[in-house]
Amino acid sequence: MNAEGLIILLYVLVLASYLGFELIAKVPPTLHTPLMSGSNAISGITIVGAILATNELGYTQLSKWLGMLALILAAINVAGGYAVTDRMLKMFKKK
Amino acid sequence: MNAEGLIILLYVLVLASYLGFELIAKVPPTLHTPLMSGSNAISGITIVGAILATNELGYTQLSKWLGMLALILAAINVAGGYAVTDRMLKMFKKK
Amino acid sequence: MKIGVLKETKGHETRVALTPDVVKQVIKKGFEVCVETGAGDLAAISDADFQAAGAQVCSKAEASQSDVVLKVNSFTEEEVAGLKEGSICISFMYAYTIPSVIDALNAKKISAFSMDAVPRISRAQKMDALSSQANLAGYKTVILGANALGKIFPLMMTAAGTITPTRVLIFGAGVAGLQAVATAKRLGAVVEVTDVRPETKEQVESLGGRFLTVEGVEGVKVEGGYAKEVSAEFLQKQKELVEAKIKDADLVITTALVIGKKAPVLVSEDMVKSMKAGSVIVDMAVESGGNCAVSEINKTVVKHGVTIIGESNLPALLPVNASQLYATNISTLLFHLADKEGFKWEMEEEITKGSLITHQGALVHEFTKTILNK
Amino acid sequence: MKIGVLKETKGHETRVALTPDVVKQVIKKGFEVCVETGAGDLAAISDADFQAAGAQVCSKAEASQSDVVLKVNSFTEEEVAGLKEGSICISFMYAYTIPSVIDALNAKKISAFSMDAVPRISRAQKMDALSSQANLAGYKTVILGANALGKIFPLMMTAAGTITPTRVLIFGAGVAGLQAVATAKRLGAVVEVTDVRPETKEQVESLGGRFLTVEGVEGVKVEGGYAKEVSAEFLQKQKELVEAKIKDADLVITTALVIGKKAPVLVSEDMVKSMKAGSVIVDMAVESGGNCAVSEINKTVVKHGVTIIGESNLPALLPVNASQLYATNISTLLFHLADKEGFKWEMEEEITKGSLITHQGALVHEFTKTILNK
Amino acid sequence: MNIYIQIAYLVASILFIAGIKMMNKTKEARKGNLVSSVGMLIAILATVVQVQAITLVDILGCMVVGSAIGLYFAYKVEMTEIPEMVALFNGFGGLASVAVALSDYWLKTQEQAINVDAITAVSVALSIFIGGITFTGSIVAYLKLGGKISGKPIMFGGQHMVNLLLLIAAIGLTVVSIMNQADPIFILILVAVSLLLGILTVIPIGGADMPVVISLLNSYSGMAACTTGFVLNNNVLIVAGALVGASGIILTQIMCKAMNRSLVNVLLGGFGQTASAAAADGPEITVKEVGVEEAAMLFDSATSVIVVPGYGMAVAQAQHVIRELSEQCEKRNIDFRFAIHPVAGRMPGHMNVLLAEANISYDKLIEMDDINDDFSNTDLVFVVGANDVVNPAARTNPQSPIFGMPILNADKARTVIVSKRSMGKGYAGVENELFGYPNCLMLFGDAKQTITKVVNEMKEM
Amino acid sequence: MNIYIQIAYLVASILFIAGIKMMNKTKEARKGNLVSSVGMLIAILATVVQVQAITLVDILGCMVVGSAIGLYFAYKVEMTEIPEMVALFNGFGGLASVAVALSDYWLKTQEQAINVDAITAVSVALSIFIGGITFTGSIVAYLKLGGKISGKPIMFGGQHMVNLLLLIAAIGLTVVSIMNQADPIFILILVAVSLLLGILTVIPIGGADMPVVISLLNSYSGMAACTTGFVLNNNVLIVAGALVGASGIILTQIMCKAMNRSLVNVLLGGFGQTASAAAADGPEITVKEVGVEEAAMLFDSATSVIVVPGYGMAVAQAQHVIRELSEQCEKRNIDFRFAIHPVAGRMPGHMNVLLAEANISYDKLIEMDDINDDFSNTDLVFVVGANDVVNPAARTNPQSPIFGMPILNADKARTVIVSKRSMGKGYAGVENELFGYPNCLMLFGDAKQTITKVVNEMKEM
Ligand SMILES: NC(=O)c1ccc[n+]([C@@H]2O[C@H](COP(=O)([O-])OP(=O)(O)OC[C@H]3O[C@@H](n4cnc5c(N)ncnc54)[C@H](OP(=O)(O)O)[C@@H]3O)[C@@H](O)[C@H]2O)c1
Ligand SMILES: NC(=O)c1ccc[n+]([C@@H]2O[C@H](COP(=O)([O-])OP(=O)(O)OC[C@H]3O[C@@H](n4cnc5c(N)ncnc54)[C@H](OP(=O)(O)O)[C@@H]3O)[C@@H](O)[C@H]2O)c1
Ligand SMILES: NC(=O)c1ccc[n+]([C@@H]2O[C@H](COP(=O)([O-])OP(=O)(O)OC[C@H]3O[C@@H](n4cnc5c(N)ncnc54)[C@H](O)[C@@H]3O)[C@@H](O)[C@H]2O)c1
Ligand SMILES: NC(=O)c1ccc[n+]([C@@H]2O[C@H](COP(=O)([O-])OP(=O)(O)OC[C@H]3O[C@@H](n4cnc5c(N)ncnc54)[C@H](O)[C@@H]3O)[C@@H](O)[C@H]2O)c1
């Protein structure tokens, strides 16, 4: 990656981080846990990387195996994360 | 500009816009006018473009003249904007 | 000019026309003041207090011989006899009730101003003794009722059980009625009010009282703040409404007066019978015939298990404040009519015209003339 | 078991030991109730009301012959004579003040419970007639004062001048004192309070009153909610503080009692002299000797221009509520001590022990014994 | 591009964000403005170092001239003229965007005769379009606010239709200009169309709505800067422009809400008339309305407040919320008292009863005679549902039925806010000319409800 | 990369942002989760379409296996075990980041034997470091929460020193590994160091602090994903990762504040013991505190509220602000009543006087006997400065001086909030075990002040 490319990624990083800060500033305490869980599911976005890493030929190579491991783990994180968050939030529904 | 470049700029645009929304959501009414004036000064960032546009040789060419016009106007916007905002905000200081 | 203040002679009266504070103001304006000995005794004002304020304390005869003589209650014929010919006197008069005194005044060419006749216009509010005294009366009527009642006003949840709040039903939301609402409400009662004037609803509610609205009937004409004409249908509906409510009331206060007329009977004997044993009625209109059919003037009677208080002179039960306010009212009128040089006699001026009863040997007051058919 | 209710015989008494509502509850528990004719008259309860509730209405003699006889005031010797041998009676007794009655009770082996001796523990609060009656007395004392005072309580800014609020000074912030604070405050007065127990400061302030804090002196020992020992220095400082304040007071209310002792004199004659003409003192402790040096029992006297009310039986002025609460208190005690089968006689149980005065021909109450040196 | 320059731009962007964030809080606002101006300085420096030495003089010259003009006006204007000034500056910003985009486009398509790619071309067109609207729109707003042209809405039939047609024309011109980059006529017409559209969207709007319009135009100028960023492929322009564009929209929406209008109305242009609360009859009194936020601000910045309660307070049962107001003021060490007129309300002592109920200390209630001289030294008088007792006609108009009645000199205070529901009359049934005085602001609505809102605003400050 | 794929990634990023924003509000939270999951789906689809047909099977296979496991656990766990589950998932996410970074690095440096540039190499190292800490840290948190290892802090001397050394080692290893990309040993040691560090930073932390730790580790896993984005030069990873990283930090800070700890402590690790509000003497009662925001939320979500006022309300003079609370509740159609205990306060009718002063309607005041059966059907009981009158010892403990006194059955309600200043006792001087009940939350502070804050929170909701 060249410096030019890094800079623009840094822009994205800075803006997204700032946005992350701003978004959470006023969340009510009841939602702390669901929010944590929900954003944990989002952090499973690594799955995108895992897919790309698995996109390898040749099972003999470590990078492939690592990719598959990553993919399984990330899939657990994503699927489980969203599902468990949803379960939690279902409970908040007004009787 | 190619599509790749556009996309990354769009990322920046989207994130910055979102951030703009979030930042303002809770501003007290007293600050509406100063905020408007202050962000107006920021919009004078066009001055960067104006400098680049003035960075031309040959006064015979329209682009140069336009650049200089832009530069003067943008400078008015920036200097005047910040100064007037500051004046306004000075008044908020408690006696 | 010399101002005389007489001691009141009417039974039960405790007020005095001027108080030391006001005497000081009167003297500051250049008048001389002379107060009959003992005039303030019942209002907790000693002769010494008056002297300290700059007044002379003198005999009745001497005070009567002043240029202007002030009193709370109207002058009696004997008192008029003591006055100087051509002098001026000011007091409550209710002139239409005392034709013989008027004749006496005219005989001596005395100019008499009546406090109750001061027109109730905005700029005369400071002279409005009717309001100032009615206001105190409104407070006192609740205190009297509370004192006579065998239960307490507020809701109270105690270890020995819950005491339900006293229900107070008030007839008439004039000055006195409104103050009664306020006072009863402060003490914690549940207050209901009935009146013929529709605008009183808002006023009552502004004090936390409930207004008994007569639904679906019109027929009340209001003129100058007074109900001029009330349709029979309205009165009937109102009566039905009240009959339902009075059964639950612990304390009933009636304040409905119609100036120059006998007070309307609002609480019939049947209604009294329908009330709970131990409840209390305070009839503020008892002097003009009473709003309650069975009230007796200046007496507290128990009828059908209901205590009925017919105190005719409520402000006299608050002599300190009542004198203070009356003194301000009467002195303000005096300052309006005269300065130390003498009276201005602006006969067309609204307040002068409204309050002057007799002048130069004649009855000049229109309203009194109408009532007395003179 | 049959419960008898006697008509009170003490002068000024208006209360009755049971009310129809409570009679219903007593009957529901399986007791029989028999009420002397006219017992409720002064509390606005007719014999018919009692009958409607299920009680028999009978003669004094018959009611006296019940298994348990209830009253408000202590039984007189004659009344004891009418009781059944070995029966049980409950009422206020203040046993240490009536040795002869105790002898009479013992002679007939009557077990007597005294309402004023019920221990003031949490679970006995529903039987605490001292509190329930003191509470009403606290309210009534303010109403009495307000009624006697020649001015109104609240601040009022009117066209005829401003009426300053009445200043009320209250001695003692027990149950009655606190209720007096609350009532005076609601009516709009400025209320100041003095007490020896430091914790009352917070309580007074919680009701909007101002507490006169004696600065820089300790010396009050509190035991079980009662001030046990007060240092002389404290009392001296308190007196100085109060002397300064009483001059401005319009209404003074004294509520300081010390059980089993003569009430402390808190308002000396000099203090009364220093007060404004027209002010009022209500002495709630007048029955135990009075907190005011010049108060007279059951009389309203005017001394040094100050009206001093010495009403000994304030709850009797609120017969409806006072009877209602007392009836709850006494019936709760009854249900605690007995069921329809008879009394449980758990002699070591705190409430039984605390309130039982005589039993099986002997004085068994410790405190009474100490005072009477028996 | 040099990496350090890029980093400088990134830093500038961060400073803009931080600056705007700080401007959210009264205490930090001024520092926020400073922070954002430092960001601007960094951005400018980072740009200037890139330029050729030979054009540096031109650039510095233009900047000095522009800054001088800007600073001159910024410090010269009266405080009351600031809104106009902001509008004017904003217009210049918009025009600058037009000029930059046009300059770049002209350079490439005309002078260097190369074909630019579609993305750049569209960006140029957008820059011109938005910048043009911003420029003329702001100028019109400037003129209206300054009273140089009438503040009244100027309307004609088919206005919306004309605007729509111009919009379509602008789109068409963009497409055509991209097709024929060699021919500059289309882009020049686009400039003209945008300028016209700017005028047309703002003239139908009344003077009272101008603040909203300026806020919106401010947002536009941010968007123009943003599109210029796309033209020049420059991140800091995109970030700063997008920030301003987005925050401006939100701010506009907030302001609209405060004025009870919808943003859609504003975006469509021609969102019409000022609400004018005319008196029912009698001599017309023109009043100035005030919103709850502004009222809250006035309280916040006062050092002394006198409340004049009247019958309306009783009707609204506003006494409790007034106590809350007093607590808010006392928190700010504002001297807060009540002036009690002897006949306020409908019975003697009416106000006393209610204020005592709300637990307001007796010390705070001052009689008319004792407080009447203090009004002239008071920053703010808050008249709550009182009318007759503050009617100056009692002093001045011998014809008035209340002539001769002593009144509270509320009109003598620096500012008067009157809380009442309408232009309804009081007990005496007479018009109150106080409401039309220059120092008097009307806060319409039920007293309890409006004061609750004011208190809430104050709590958030 | 295909432009459509890029746009899909952009859309996914926007959906993540929108989702998180929606999760700020109770009402929209569930929809927010859905929105963000749609974003995830889009991102996955956009990635899957890029892959070679031949590896598709592997990929789908792995995804199906992973998803199945994830869903199985998500639906199987008890509600009470959710925090552990989140920790576990989070750990997997961290490990996935490690694996992805390592995979890419291995592919390039070992299998393809090319030298990667410094930026990528540093990103890989960061990814491994943060991901590794996240993994083992989460696993430890999982075990502690699940009770599989002791929840007690495990501490040993020089812990901080060891952590610091490991950190330095990690930096050194990063540098060395970049220098010697051909030798994989350094990067593998880095993996080991990170895993170890993860364990060491979390074991000294007590079980009660685990929620904060999980939140922090969640933030770390976002950062790991973000650095992976740098490795793969992929925007959606950067945006999503940065969002989670930043929001996680803020969330952690908020949670710390709610628990009265500083974030610095947390970041340093070993931030020790639970604060326990122990009773002064007598049997220790462990209570749960609640903050004003959460209290406000509880009111907001209740359908029926009973207020139990006591002497503390009188002392605090909180009656007026309680009326405001009632207004807020009534606005939301919440059934709002007062349960008046006959001896609440210090004189008969004490509460009545004060509530009447605050203009609370008599209808709302319910006697003990009439309301005692309703508590069990009540969502929320708010005990304001009452103590003895709600002390269950009166029912259960014959030794207690208040035994036999009838009390309000506040403890029977679904939730009880108690507003008082401290664990101070009431008039009777006895401990109140209600405060330690599982359905009871303590809102410490002067009643007037705290309730004012609660009301303000509610106004903003
Ligand atoms: N105090 C006494 O003893 C007494 C007795 C009788 C008569 N008066 C007379 O009453 C008058 C008293 O003067 P004042 O200034 O107190 O009252 P006022 O002149 O009667 O004016 C009251 C004002 O309150 C406004 N209002 C009513 N409801 C409102 C609400 N819910 N929220 C906000 N505003 C509300 C009304 O305007 P909108 O309709 O526009 O809201 C009205 O103009 C004097 O003229 C006095 O002479 C007094
Ligand atoms: N009603 C009567 O007639 C009467 C008469 C005498 C005695 N009593 C007795 O008094 C008791 C009444 O019970 P209760 O529940 O009302 O009161 P309580 O049991 O005395 O408890 C009052 C509580 O209020 C809290 N508190 C004090 N100031 C506060 C403030 N500013 N803000 C918030 N909380 C505050 C105190 O806790 P913190 O210190 O932790 O804040 C205290 O625990 C009963 O035991 C009753 O028997 C009643
Ligand atoms: N200066 C002023 O502006 C001023 C001052 C004081 C009073 N006022 C006005 O004067 C008027 C009368 O005041 P007042 O206190 O002398 O009243 P009042 O004593 O004459 O009458 C008392 C009330 O009784 C009511 N009433 C009459 N017949 C009734 C019936 N059958 N049933 C029920 N209620 C009945 C009346 O409507 C009135 O409200 C009011 O409008 C008052 O506002 C004006
Ligand atoms: N069940 C309960 O828990 C319960 C019920 C009711 C009362 N109490 C307590 O009983 C106590 C006494 O109540 P009470 O109403 O019977 O009081 P009381 O009638 O015995 O005395 C009235 C007040 O006078 C005060 N006093 C005494 N000497 C004084 C002096 N020289 N100057 C000023 N004040 C003086 C006392 O401190 C007391 O506050 C209080 O602590 C009260 O809280 C407890």
Side-chain angles (χ1 to χ4, degrees), chain A residues 1 6 9 12-13 16-17 19-21 23-32 34-40 42-56 61-63 66-86 88-90 92, chain F residues 16 20-21 23-24 26 29-30 33 36-37 40 43 47 51 55 58-59 62-63 65-67 69-71 73-74 85-86 89-90 92-93 95-97 99-100 102-103 106-107 111 119-120 215 218 221-222 225 228 232-233 235 237-240 242-244 246-247 250-251 255 293-294 297:
Chain A
M1 205 194 308
L6 177 67
L9 293 184
V12 173
L13 172 68
S17 305
L19 199 48
F21 279 111
L23 285 177
I24 300 305
K26 275 255 150 194
V27 60
T30 341
L31 289 177
H32 285 172
L35 188 63
M36 189 165 85
S37 167
S39 60
N40 171 40
I42 295 180
S43 76
I45 189 69
T46 319
I47 196 168
V48 165
I51 294 175
L52 294 174
T54 314
N55 187 21
E56 292 285 315
Q61 294 186 325
L62 182 62
S63 61
L66 280 173
M68 287 175 71
L69 170 69
L71 188 48
I72 293 177
L73 291 172
I76 295 178
N77 188 3
V78 168
Y82 279 115
V84 92
T85 309
D86 192 57
M88 247 186 280
L89 288 169
K90 234 185 330 203
F92 282 103
Chain F
F16 290 147
I20 289 193
K21 183 163 174 61
M23 288 184 76
N24 265 326
T26 325
R30 203 170 165 211
N33 195 44
S36 111
S37 68
M40 187 61 77
T47 316
V51 304
T55 59
D58 305 346
I59 289 168
C62 289
M63 286 209 310
V65 170
S67 305
I69 298 175
L71 290 176
F73 282 110
M85 207 34 51
V86 172
F89 290 159
N90 191 49
F92 290 167
L95 188 54
S97 290
V100 169
L102 201 57
S103 164
W106 200 271
L107 175 70
E111 291 160 21
I119 297 172
T120 309
S215 173
N218 177 36
S221 76
T228 317
L232 302 177
N233 196 352
N235 290 324
L237 260 80
I238 297 181
V239 172
L243 270 178
V244 173
S247 65
I250 286 290
L251 192 56
M255 289 166 78
E293 299 92 359
E294 202 174 342
M297 262 225 28

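Chain identifiers are assigned alphabetically (A, B, ...) following the order of the sequence lines, protein sequences preceding nucleic acid strands; residue numbering begins at 1 within each chain.
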Option that, when pairs with chain A are counted at under 4.5 Å, heavy atom only, ranks first among Val65(F), Asn90(F), Asn235(F): Asn90(F)
Approximate separation, where rounding is to 0.5 Å, of Leu95(F) CG and Asn77(A) CG: 10.5 Å
Among the listed options Val100(F), Thr47(F), Asn218(F), the residue most often paired with chain A at heavy-atom distances under 4.5 Å: Asn218(F)
Heavy-atom side-chain contact between Ile42(A) and Ile20(F) under 4.5 Å: yes
Interatomic spacing from CG in Leu237(F) to CD1 in Ile45(A) - rounded to 0.5 Å: 5.5 Å
Most chain F-contacting option - heavy-atom pairs closer than 4.5 Å, from Asp86(A), Leu19(A), Val12(A), Thr54(A): Asp86(A)
Min side-chain heavy-atom separation Met23(F)-Thr85(A) under 4.5 Å: yes
Inter-residue atom distance Cys62(F).SG - Met68(A).CE, 0.5 Å rounding: 3.5 Å
Gap between atom OG of Ser43(A) and atom CZ of Phe16(F) - 0.5 Å precision: 10.0 Å
Residue selection (most heavy-atom pairs with chain F, distance under 4.5 Å) from Gly44(A), Ser39(A), Gly67(A), Gly81(A): Ser39(A)
Largest heavy-atom contact set with chain A, pairs under 4.5 Å, which of Ala246(F), Ala99(F), Ser36(F), Ser103(F): Ser103(F)
Shortest non-hydrogen separation from Val86(F) to Asn40(A) and the atoms involved: O-ND2, 3.5 Å
Leading residue by heavy atom contact count with chain F [cutoff under 4.5 Å; candidates Ser63(A), Gly38(A), Ala53(A), Ala16(A)]: Ser63(A)
Per-residue contact mode, Ile47(A) against chain F (heavy atom under 4.5 angstrom): side chain
Heavy-atom pairs under 4.5 Å with chain F, option from Leu69(A), Leu66(A), Leu35(A) with the top count: Leu66(A)
Among the listed options Ala50(A), Ala83(A), Ala74(A), the residue most often paired with chain F at heavy-atom distances under 4.5 Å: Ala83(A)
From CD1 (Ile69(F)) to CG (Leu73(A)), nearest 0.5 Å: 8.5 Å
Which atom of Ile51(A) lies closest to which atom of Met63(F), heavy atoms considered: CD1-SD, 4.1 Å
Proximal component of Val78(A), with respect to chain F [non-hydrogen, under 4.5 Å]: side chain
Heavy-atom closest pair, residues Thr46(A) and Ser97(F): OG1-OG, 3.2 Å
